[in-house]
Amino acid sequence: MAIRRGRGVAAINYPTGMNLGGDPTQALVHSTPTGNFMVTLSSVDLGQGMKQIMAQICAETIGVPTDRVVVDTADTDTGPHCMGTFASRGTHRAGNAVIQAAKEARQVMLEVAAEELEVNASDLETDGQGNILVKGAPQKSISIFDVALSAHFKRGRSISGRGMFLIPRSYPEKETGAMKPSTCYAHACTVAEVEVDDETGEVTVLTVKNIFEIGRALNPKMVEQQLVGGSWMGISHALYETTEPYYPNRDHGGTDFNQYLMPGPGDLAQTEIIVLERPSADGPYGAKGPGEMCANPQIPAVANAVFDAVGVRIDTLPITPERILRALKAHAAN
Amino acid sequence: MAKVPVQFTLNGSEKAEFIDSGTTLLHALRDKIGDTSPKGGCHQGTCGACSVIIDGELRLSCLTLAETCNGAAISTTSGLSEGGVLHPLQRAFLDTFATQCGFCTPGMIMAAKMLLDHTPNPSRDEVVEALSGNICRCTGYEPIIQAVLTAARSNSQNAA
Ligand code: FES
Ligand code: FES
């Protein structure tokens, strides 16, 4: 009886969003009288940072600082339609919709500025600081604050835009069954090192090294925090979490945090994260969806590491001491 | 059922309420007094999201009856900032990206405050121990551990 070490690797290919009856998200953008911008969405921020990212995308597109944008995701009853925040689709789908809405709003903003400055709208540019300048003659400028006041009180214009992003439904080809389930894939690879006690079946994850290819990281610190948390969650799925340990039998399922186990702050594997940025062709500013993917590759990597350590394949999650011991017993009997 | 009066200080200000006997402090704080910074994650003492400090002790407000708090001094995360300046722990949680959905954050911060009040320069193991009663779904804990260590460092720099 001994503590045995093993190392496992796994790589995954992860679709952004889903393809059921088509996958739409809509967005509306409008300016307040003082030249701040509201983004209205039904896409909900669950803590992954949706609001921050949408504010960045809107600000970048209109040409204002991020703190001039407010994102309102208050009500899925009354907001523009969104399929929801799941399937790693939020940034990709809602982000594209926000770009389209913000472009339309920007166009109206430039038209109003053009009237104020008595130039062509196509000769105008934004400085990203809240001003609109004449290209090549930046001394001729107007603040977005003044443009918004003018639009609201003088010219009767609504500086606003509508955005819609739809991935249409893809039907399988009759002959081959081929279809296009997604337009955008993120990728990840994990190497996990474990120790398995072949007497108790206990697994300790020593290190997890993850590399994630996620398109452009629109907010690198927030990407990192999601990937670090996701890596932990992947290990938790691999070794601990289940509501149905004897599925399909529901007996002995955890009903609270005493029985539904997760690794705590004392059980952390040494974790490494590397981000590769390969901008996607159809993502907002090149982004893909790293959300769910970040908790996936650790699971097969840990399973492979367990196999490497003690020579048994566990094909049911989570990989509990009980499953390992049963598999070792069966293995010895053969 | 007759209501019971309770009186305590919350983050330094006097509070008085009539509550149903058996009301938890968590319920009284959130739904009677309107301090929603303690969160109800499990209501059975297993997640730590409802942690508050009562007379200098870290307590789970979901397992504390409000009527046992008469005359007590209670602090919650909502009372930590002073004049709009965030508490060093709050600052550190922001700076190190130690919060995502934020549900565990107030409990984590109270547990960490308790630690730093008694152990201003904790080791990593001491931080882990202090946070071990608090569950987080999102962060993987490492950023939270780093936040507490960062706050301890910035405290000792300010003191020096
Ligand atoms: S709500 Fe009190 S410990 Fe979970
Ligand atoms: S940040 Fe979501 S539970 Fe900790």
Side-chain angles (χ1 to χ4, degrees), chain A residues 44-53 73 85 90 190 205 207-208 210 212 217 219-241 254-273 275 290-292 294-295 298, chain B residues 39-51 60 62-63 91-112 114-115 122-150 152:
Chain A
V44 173
D45 194 330
L46 311 168
Q48 77 281 46
M50 175 99 186
K51 283 185 167 178
Q52 169 66 22
I53 297 303
T73 60
T85 312
T190 292
V205 182
T207 66
V208 245
N210 306 283
F212 297 101
N219 186 314
K221 278 308 280 184
M222 285 169 65
V223 162
E224 182 189 315
Q225 76 172 161
Q226 198 166 91
L227 299 182
V228 169
S231 179
W232 167 85
M233 200 188 278
I235 292 169
S236 191
H237 290 320
L239 297 178
Y240 298 86
E241 291 183 44
T255 53
D256 59 34
F257 290 131
N258 283 322
Q259 298 159 356
Y260 187 89
L261 297 181
M262 292 182 282
D267 312 308
L268 303 181
Q270 197 192 319
T271 302
E272 200 179 312
I273 304 284
V275 175
E292 275 180 51
C294 63
Q298 300 79 18
Chain B
K39 307 294 178 201
C42 66
H43 301 274
Q44 58 167 188
T46 52
C47 76
C50 65
S51 302
L60 299 171
C62 73
L63 296 186
R91 186 76 260 157
F93 267 67
L94 280 180
D95 289 346
T96 59
F97 287 71
T99 176
Q100 285 186 44
C101 78
F103 202 83
C104 71
T105 311
M108 290 282 182
I109 287 185
M110 293 324 273
M114 199 62 215
L115 170 72
S123 66
R124 185 192 157 90
D125 283 350
E126 286 171 316
V127 173
V128 165
E129 182 62 30
L131 301 179
S132 62
N134 294 64
I135 290 180
C136 176
R137 170 87 275 187
C138 310
T139 63
Y141 296 99
E142 188 60 39
I144 297 177
I145 297 168
Q146 292 308 323
V148 179
L149 291 170
T150 303

> Name the region of B:Gln44, side chain, backbone, both or neither, that has any atom closer than 4.5 Å to a heavy atom of chain A.
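Side chain only.
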> Would you say A:Gln259 has more than 12 foreign heavy atoms packed within less than 6.0 Å of its CD?
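Yes, because the 6.0 Å sphere around CD of A:Gln259 holds more than 12 heavy atoms from other groups.
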> Any donor and acceptor pair, going by atom type alone, linking the side chain of A:Gln52 with main-chain N or O of A:Gln48 inside 3.5 Å?
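No, the answer is negative, given that no donor and acceptor are paired below the 3.5 Å cut-off.
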> For each of B:Cys42, B:Cys101, B:Ala98, tally heavy-atom pairs with chain A at distances under 4.5 Å, and name the one with the top tally.
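Ranked by contacts with chain A, first place is B:Cys101.
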> Checking A:Glu241 against chain B: side chain, backbone, both or neither under 4.5 Å from a heavy atom?
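Just its side chain gets close to chain B.
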> Looking only at atom types and distance, does a side-chain atom of A:Trp232 sit under 3.5 Å from a main-chain N or O of A:Thr271, one as donor and one as acceptor?
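No.
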> Which atoms of B:Thr96 come close to chain A, meaning under 4.5 Å heavy atom to heavy atom: side chain ones, backbone ones, both, or neither?
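Neither the backbone nor the side chain of B:Thr96 comes within 4.5 Å of chain A.
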> Please classify the contact between B:Arg137 and chain A as side chain, backbone, both or neither, with a heavy-atom cut-off of under 4.5 Å.
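Answer is both: backbone and side chain atoms of B:Arg137 are under 4.5 Å from chain A.
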> With a 4.5 angstrom heavy-atom cut-off, which part of A:Leu268 approaches chain B: side chain, backbone, both or neither?
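The answer is the side chain of A:Leu268.
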> Any idea which heavy atoms bring A:Val208 and A:Ser231 closest together, and the distance?
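Scanning both residues, the minimum pair turns out to be CG2-OG, 4.1 Å.
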> Between A:Asn210 (side chain only) and A:Glu272 (backbone N and O only), is there a donor and an acceptor less than 3.5 Å apart?
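Yes: the side chain of A:Asn210 pairs with the backbone of A:Glu272.
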